[in-house]
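Please read these numbers as outputs of a predicted model, since none were measured by experiment. Convention: sequence-line order gives letters A, B, ...; per-chain numbering from 1. As a basis for the values below, the full set of heavy atoms in this structure was taken, side chains included, without hydrogen atoms, waters or symmetry mates.
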Amino acid sequence: MPMSDRVKRLRDESIETSAFISPERAVLVTDFYRKPCARDLPPPLARAKVFHHLLDSRFLYIGDHELIVGEKGICPKSVPTYPELCCHSMADLELLDTRKKIPYRVSRETMEVFRDRIIPFWKGISMRDRIFEGMSSEWLECYGAGVFTEFMEQRSPGHTVLGGSIYSMGMEDIRRSIARAMEEAGGDRKRRLQLTAMDMCAESLMLFAERYSLKALQLSHSEPDPARRLELLQISSVCSRVPRNAPSTFREAVQYYWFVHLGVTTELNPWDSFSPGKLDQHLLPFYLRDLQKGILTPETARELLQCLWIKFNNQPAPPKVGVTAMESSTYTDFAQINTGGLAPDGSSGVSELSYLIVDVAQEMRLLQPSLSVQIGEATEPAFLDRALEMVKAGFGQPSIFNADMILKELLNQGKSLSDALLGGSSGCVEVGVFGMENYNLSGYFNLVKILEITLDSGRDPSTGRMLGKPTADPVGFASVDGLLKAFEEQVRHFADIKMKGNDYIENLYAAEMPAPFLSLLIEDCIDRGLDYHQGGARYNTTYIQFVGLGTLLDSISAVEHHVFAPGGTMTMKQLLESISCDFRGREATRQMLWNRTPRYGNDDPGVDRFIRPVQDICLAAVDGRPNGRGGEYHINFLPTTVHVYFGSVTGATPDGRRAGRPLSEGISPVQGTDRNGPTAVLLSASRLDHSRTGGTLLNQKFLPGMLETDEERSKLAALIRTYFRLGGHHVQLNVVDRETLLAAQNAPEDYGSLIVRVAGYSDYFCDLTRELQDEIMRRTAHGG
Amino acid sequence: MRKSTGSMKARVFQFKRYSVHDGPGIRTTVFLKGCPLSCHWCHNPEGILSVPQMVFMASRCIGCGNCASVCPSGAIDPKDPSRICMERCDLCGICVEGCPAAAREIAGMDATPTEVMDLVERDIPFYGTSGGGVTFSGGEPLLQADFLEEILVECRDRGIHTAVDTSCCAPEEVFMRVSRLADLMLCDIKLVDDGEMLHYTGGDASRVLDNIRLLAGSGSAFILRMPVIPGITDTERNLQLVAEFLLGLPLMPDLQLLPYHSSWRDKYSRLGLPPPEGPDPDEGLGIIRALDFLREAGVLTARGN
């Protein structure tokens with residue numbers, strides 16, 4: 001279906017405009033906090049007033065041709081910063097402006113504003129500065145060594161998804177709930193304070209929309225084109241109704257969501273932005289009603305969704321710096337839209353709108369938002385087939401999830417069935433209950449670095465410092481069990497340090513940086529009179545993301561196979577010497593380890609038997625332990641781009657991987673070592689107990705020829721269905737041939753639009769670092 | 001019912017899982033070694049000889065010389081490990097084990113039916129969802145008919161769908177015995193003219209046609225497949241003869257045309273063999289025109305893969 005001229009123009013603008021830093025938000029926030037009275041305000045009120053100040057003063061952008069309005073910055077691709085959380089230094093800004101990959105342009109004037117007004121005020125008191133200042137020396141050492149990363153060091157605790165509440169409640173309705181909660185709070189001053197802050201935020205969002213309504217009305221007066229004049233009047237009318245009232249039409253529902261999205265991402269910069277969750281299910285009643293009333297056609301609905309897609313794409317992620325930029329080097333801010341899946345009653349959630357949304361995502365072919373299809377036993381085959389047709393289009397979307405397994409994971413975490421049915425995936429692959437869960441991602445955890453430290457009895461070989469617990473000299477291990485036992489001790493040691501750090505940060509946020517607006521949207525913050533950051537949500541999870549599973553398993557397998565098993569090829573001492581010198585002068589040994597080790601991803605029991613013990617080690621260290629918000633820690637396995645960074649700080653490994661090379665990503669096999677085809681990969685991967693994780697990420701690369709025909713696609717569908725029956729959580733397919741990737745590497749300018757799947761998201765191939773490009777090319781491609 | 005004794009060994013040169021172009025659903029293809037034909041365009045030259053063969057992948061070799069030093073018969077030239085003195089080599093496999101870079105393999109291992117079944121059964125979950133199963137290919141699987149019969153019975157007992165991919169160059173009695181045990185026969189029809197068949201494949205065209213004719217009358221399920229080899233099988237003359245043959249059958253079967261892939265030459269050098277000249281890709285009708293030609297002649301045909 002061809003795009004309308006309007007959509008084409010808006011889309012072109014979104015793609016062609018480069019990301020640049022807008023100082024507007026930083027200036028407004030700083031001006032507010034500079035006032036003497038601001039310092040004495042209790043944090044919830046201060047945040048509510050900042051929010052009000054922002055929405056009251058921000059520049060309003062209404063682009064030509066737009067139907068859905070509102071930008072995070074002053075126009076498309078204009079990126080605000082959050083100096084109260086992470087105040088970019090002049091050096092940071094310089095780097096953002098000039099770096100080759102993922103640059104954010106910073107104008108001279110912006111530089112000056114930061115130099116003169118922003119940086120002097122926030123230096124030393126931004127959350128980031130306070131976090132690093134307050135962290136223990138052991139945490140700082142581990143962080144510096146690349147044992148783990150920390151998402152919340154420059155972005156607020158995030159990762160939550162909207163449920164269905166806004167589609168039946170306007171901000172006025174929400175204010176009535178707040179008033180009721182206020183009555184219940186009686187004389188509880190803390191609760192009253194929180195609720196007052198929430199109430200102010202509800203009012204502020206209405207104000208923001210009303211300002212848009214007025215602006216559209218004013219523009220209409222001077223608009224020469226009668227058709228556009230009418231459109232501006234419609235925008236004005238929509239913005240005067242929502243978010244004050246519950247939406248009454250499809251268009252109002254879309255615009256309402258977008259205002260809420262802007263509110264959440266203006267208030268703070270939560271990790272993984274914000275997502276509408278099960279958009280098809282939320283919008284379906286409006287869609288059907290409007291169609292019946294004759295005020296909407298599938299074509300106009302499509303155009304409105306296309307406009308929403310462009311809005312997402314107009315908002316590059318907040319500019320990350322330092323280690324965080326390395327672990328997540330991308331413009332995408334991980335808004336993931338779920339389609340299909342389960343309805344609240346457990347039946348299939350697929351509707352005609354699900355198909356329409358897939359059409360829109362495929363036609364738009366944009367970096368953001370990311371589309372996922374949720375496939376359960378109840379999902380009709382045609383929907384999976386439609387998804388695979390989109391996969392064939394070759395830009396790495398949609399990702400494919402097992403809706404039944406997600407339900408099981410959420411139930412295992414102790415959620416009620418009725419709540420768990422409202423859950424889905426977000427970010428890359430993480431699960432949560434939409435609209436009622438604060439599920440924080442807290443950072444990546446480098447399993448392979450910890451193995452390296454274990455093999456050096458607790459020392460970090462790259463610095464010689466004692467980073468871990470002193471454990472036994474591996475030379476004395478009698479079997480691979482000795483290694484696993486020492487490894488377990490080290491994992492627990494580092495997990496403890498990591499979790500202590502998380503608790504510190506989460507407490508700091510709870511005390512100093514509440515999120516009263518986000519609290520309006522997530523059940524039960526209002527009922528409890530408790531902020532989102534303080535455990536107000538019904539469920540409060542903290543996830544730690546384990547990285548390097550494949551490299552770890554292969555390394556354990558190499559130790560078992562080459563040192564301990566009968567017919568072993570070397571002693572432990574020889575193995576340790578080989579890795580400590582990065583195999584210099586020992587290429588034959590390296591090749592032996594690389595080629596002659598039973599490797600994960602080949603359906604080989606010789607290595608797959610270590611999957612459960614390793615998972616149990618991760619679970620024992622983390623799973624079910626209490627966090628500071630009344631919830632629990634859980635684990636998941638996903639990498640974004642951190643496997644490249646983690647690899648760069650990790651020495652050579654027993655599986656023959658050279659020092660500095662990327663680790664395996666997600667739960668995928670080590671790149672290029674899965675030689676028995678996709679069924680073997682999936683069988684190996686399904687030996688992990690996915691139901692005891694909060695998400696796993698599996699990448700599979702296919703050559704285009706594997707899903708050309710209906711028959712090939714139906715076989716691929718059966719492959720995925722089987723993986724899901726075996727208990728797999730997620731799979732994403734990259735369909736691109738190696739020649740194309742090579743050509744793109746050599747002539748990036750000719751392949752600027754080539755999008756590939758990286759991990760839980762897609763990105764422009766040419767925006768990836770050379771290391772990551774190479775890494776993607778090394779992943780095994782399944783051919784005919 | 002016959003029980004697997006494990007005594008009848010097969011000589012296998014490859015297992016391929018997620019095989020999606022050799023029968024319905026997701027399949028595991030077991031390639032049996034040895035073939036009575038030697039087609040000019042053979043994609044699986046390691047399948048032709050019945051005996052095991054040394055395979056050497058030069059691109060993987062790191063030149064460490066380990067293979068030469070571990071070889072008990074001194075068959076490998078230490079200066080050039082690609083050179084093996086075949087008179088001395090007894091395929092003991094020590095160099096394969098000793099090669100750190102996995103640059104050496106022996107094509108052709110002996111496997112008992114139990115060993116083959118163990119591998120085939122691994123993907124049962126995928127067969128179930130997709131309606132797939134196992135395909136025995138080659139080489140020419142009918143050359144190992146005793147093993148094949150045994151394993152087909154075994155698969156039938158365990159509810160695994162079976163297909164046999166054959167050149168149909170086999171004695172009638174063997175051919176029919178196997179076809180009665182397999183769920184599906186994938187039958188190659190390459191060339192109809194006896195002289196051309198002999199020239200390009202070394203095989204006997206009449207035997208192929210006789211077998212297909214018998215099969216067509218037997219009620220067994222089968223699919224005919226023709227590789228489109230430029231200038232050899234896709235000439236108008238051959239296609240005309242194929243069409244006439246098919247139209248002469250009591251019940252006309254479907255014919256799949258398989259496209260020609262030119263990425264097979266590397267395999268010959270790995271076996272230390274000079275690659276054959278191979279067809280000229282510019283000759284012949286090509287698959288699209290071949291499909292049209294056959295359809296016009298009244299044959300039910302489709303493109304396979």
**Request:** Can you see which heavy atom on A/Ala718 is nearest to which on B/Ser130, and at what distance?
**Result:** CB-CB, 3.4 Å
**Complete:** Scored by heavy-atom pairs under 4.5 Å with chain B, the best of A/Thr569, A/Leu716, A/Thr589 is A/Leu716
**Request:** Give the minimum heavy-atom separation between B/Arg17 and A/Asn602, together with the two atoms involved.
**Result:** NH1-O, 4.3 Å
**Message:** What verdict does the side chain to side chain contact (heavy atoms under 4.5 Å, CB included) test give for A/Val681 and B/Tyr18, after you've listed the backbone C-alpha separation in whole Å, the side-chain angles of each residue and the deciding distance to 0.1 Å?
**Reply:** CA-CA 11 Å; A/Val681 175; B/Tyr18 196 64; over 6 Å; no
**Asked** If you round to the nearest 0.5 Å, how far is NE2 of B/His21 from OG1 of A/Thr709?
**Response** 6.0 Å
**Contacting moiety of A/Arg725, where chain B heavy atoms sit under 4.5 Å** = side chain
**Message:** Can you tell me which portion of A/Leu726 sits under 4.5 Å from chain B's heavy atoms? Options are side chain, backbone, both or neither.
**Reply:** side chain
**Residue among A/Ala588, A/Ser714, A/Gly677 with most heavy-atom pairs under 4.5 Å to chain B** = A/Ala588
**Message:** What's the separation between atom CD in A/Gln591 and atom SG in B/Cys64, rounded to the nearest 0.5 Å?
**Reply:** 8.5 Å
**Prompt:** Has A/Lys408 got more than 12 heavy atoms of other residues, nucleotides or ligands less than 6.0 Å from its NZ?
**Reply:** no
**Message:** Donor-acceptor check, side chain of A/Lys715 to backbone of B/Val20, threshold 3.5 angstrom: yes or no?
**Reply:** yes
**Fill in**
Shortest non-hydrogen pair, A/Asn595 vs B/Arg60, comes out as OD1-NH1, 3.7 Å
**Message:** Distance check, rounded to the nearest 0.5 Å: A/Thr722 atom OG1 versus B/Ile124 atom CD1?
**Reply:** 12.5 Å
**Item:** Crowding at CG, B/Leu300 (>12 non-hydrogen neighbours, <6.0 Å)
**Value:** yes
**Request:** Evaluate whether atom CZ of B/Arg295 has more than 12 neighbouring non-hydrogen atoms of other residues, nucleotides or ligands under 6.0 angstrom away.
**Result:** yes
**Request:** Check whether any side-chain N or O of B/Arg122 sits under 3.5 Å from a backbone N or O of A/Thr679 as a donor-acceptor pair, and report yes or no.
**Result:** no
**Fill in**
One should read off an interatomic distance between B/Thr129 OG1 and A/Leu719 CG, to the nearest 0.5 angstrom, of 9.0 Å
**Request:** To the nearest 0.5 angstrom, please state how far the CZ atom of B/Phe15 sits from the CG atom of A/Asn676.
**Result:** 10.5 Å
